[in-house]
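Scroll down for the structure; my scribbles are underneath it.
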Amino acid sequence: MREWVIGAAQLGAIQKSDSRESVVERMMGLLDQAAENGCDLVVYPELALTTFFPRWYMEDQAEVDTWFEREMPNAATQPLFDRAREHQIAISFGYAELTPEGRHFNTSILTNRQGEIVGKYRKIHLPGHVEFDTERDFQHLEKRYFEPGDLGFETFDNEGTIMGMAICNDRRWPETWRVMGLQGVELVMLGYNTPSINAQNRGEGLEKRLYHSELSVTAGAYQNATWAVAVAKAGVEDGFPLMGGSIIVDPDGFVVARTESEGDELVTATCDMDRCQFGKKTIFDFARHRRIEHYGRITSQTGVER
Ligand code: CDV
């Protein structure tokens, strides 16, 4: 399948007290709307089933684990998978994954239009910190609750289109995009929970934060000649604001659809995967133009060295 009608299904705030079941109801509402709009694929945010719990400092691992899913689908999410299959819509969404071995990941999955999981990604670039940080306006404890993903930036053939996933902070790293670009990716899906306020620089402002998000996604799409969908969880969660700004971006780096609100909102675009070909065969024909003999530092060092 080369032409996909894609829905970016932004979610508004999810409070700490909201149940998974209530969130799944909202996700199914957006899915029904997507079906009315002829969508083939719907993308939801990072950690879509709960509030953004890494803002809360917890010491009791049993309490931490209440935010994680032990299987997927599970009782709470099965109705979403069933509804997606009824509509013949592929879905992608993020959740906190607790494996049978007791490992914790910030994960996204992708299904085909029959509701079968065809791809999984575990977040690699985990922002934030491990211990309570008194210097911040609020906490961001992803490094405390998750381990870095162990699946790489794999891509998946989903009904004839090459698809990949990233999660939130991953979008700011060109390496994320290039590793998928080198597999010929045609659609990158990512969800995010980005605070409207910089916890380490309150004066930064929402405009700059939206700009940096969009800049990262549009540049990644253009430089790898791929479609991209970036979907927010937005709104005020228990007093903590998250920004919106969900977008669908074409392989030239242009935004073709954008949410306006900070609530539950669906925007759609018709995405012809063959449009990736021009960029991939010309200015970003990697096989002809890349100079890997000069890229060694990318994989041999992390910090700055002179
Ligand atoms: N969930 C995230 O990864 N959020 C980060 C914030 C902390 C900067 C982001 O890159 O949007």
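Order of listing sets the numbers, starting from 1, for every ligand and every atom in it. No hydrogens, no waters, no symmetry mates; every other heavy atom, side chains included, goes into these values. All values reported here derive from a predicted model rather than from experimental measurement.
- The contact set between ligand 1 and Asn193, taken as ligand atoms under 4.0 Å from a residue heavy atom, comprises 1 (N), 2 (C), 4 (N).
- Ring geometry for Tyr121 against Phe153 counts as parallel: the plane angle stays under 30°, on a 0 to 90° scale with 60° as the upper cut.
- Cation-pi contact between Arg122 and Phe105: present, with separation from the ring centre below 6.0 Å and deviation from the ring axis of at most 45°.
- Of all the listed residues (His125, Arg172, Lys233), Arg172 holds the heavy atom that lies closest to atom 9 (C) of ligand 1.
- Taking every non-hydrogen atom of Glu142 and a distance limit under 4.0 Å, the qualifying atoms of ligand 1 come out as 1 (N), 2 (C), 3 (O).
- Among protein heavy atoms, atom 11 (O) of ligand 1 sits closest to Thr194 OG1, 2.6 Å.
- Taking every heavy atom of Arg171 and a limit of under 4.0 angstrom, the matching atoms of ligand 1 come to 9 (C), 10 (O), 11 (O).
- Checked against the 6.0 Å centroid criterion, the rings of His104 and Phe68 qualify as a close aromatic pair.
- Grouping the Ile, Leu, Val, Met, Phe, Trp and Tyr side chains by contacts below 4.5 angstrom, directly or via other members, places Leu242 apart from Leu49.
- The aromatic rings of Phe240 and Trp56 sit perpendicular to each other, their planes meeting at more than 60°, with 30° as the lower class boundary.
- The distance criterion of under 3.5 Å between nitrogen or oxygen atoms is met by Lys123 with respect to ligand 1.
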Please assess His87 against Asp32 for the test side-chain hydrogen bond (donor to acceptor under 3.5 Å, both in side chains), listing each intermediate value before the final yes or no.
-> CA-CA 8 Å; His87 288 314; Asp32 292 343; 2.8 Å; yes

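- What sits closest to atom 5 (C) of ligand 1 on the protein, heavy atoms only, is Cys168 SG, 3.8 Å.
- Heavy-atom proximity to His140, at under 4.0 Å, picks out these atoms of ligand 1: 1 (N), 2 (C), 4 (N), 7 (C).
- Each of the following atoms of ligand 1 lies closer than 4.0 Å to a heavy atom of Asn169: 3 (O), 9 (C), 10 (O).
- Looking at heavy atoms from C-beta onward, Thr51 lies in side-chain contact with Trp67 at the 4.5 angstrom threshold.
- Atoms of ligand 1 found under 4.0 Å from any heavy atom of Glu46 (numbered from 1 in listed order, with element): 1 (N).
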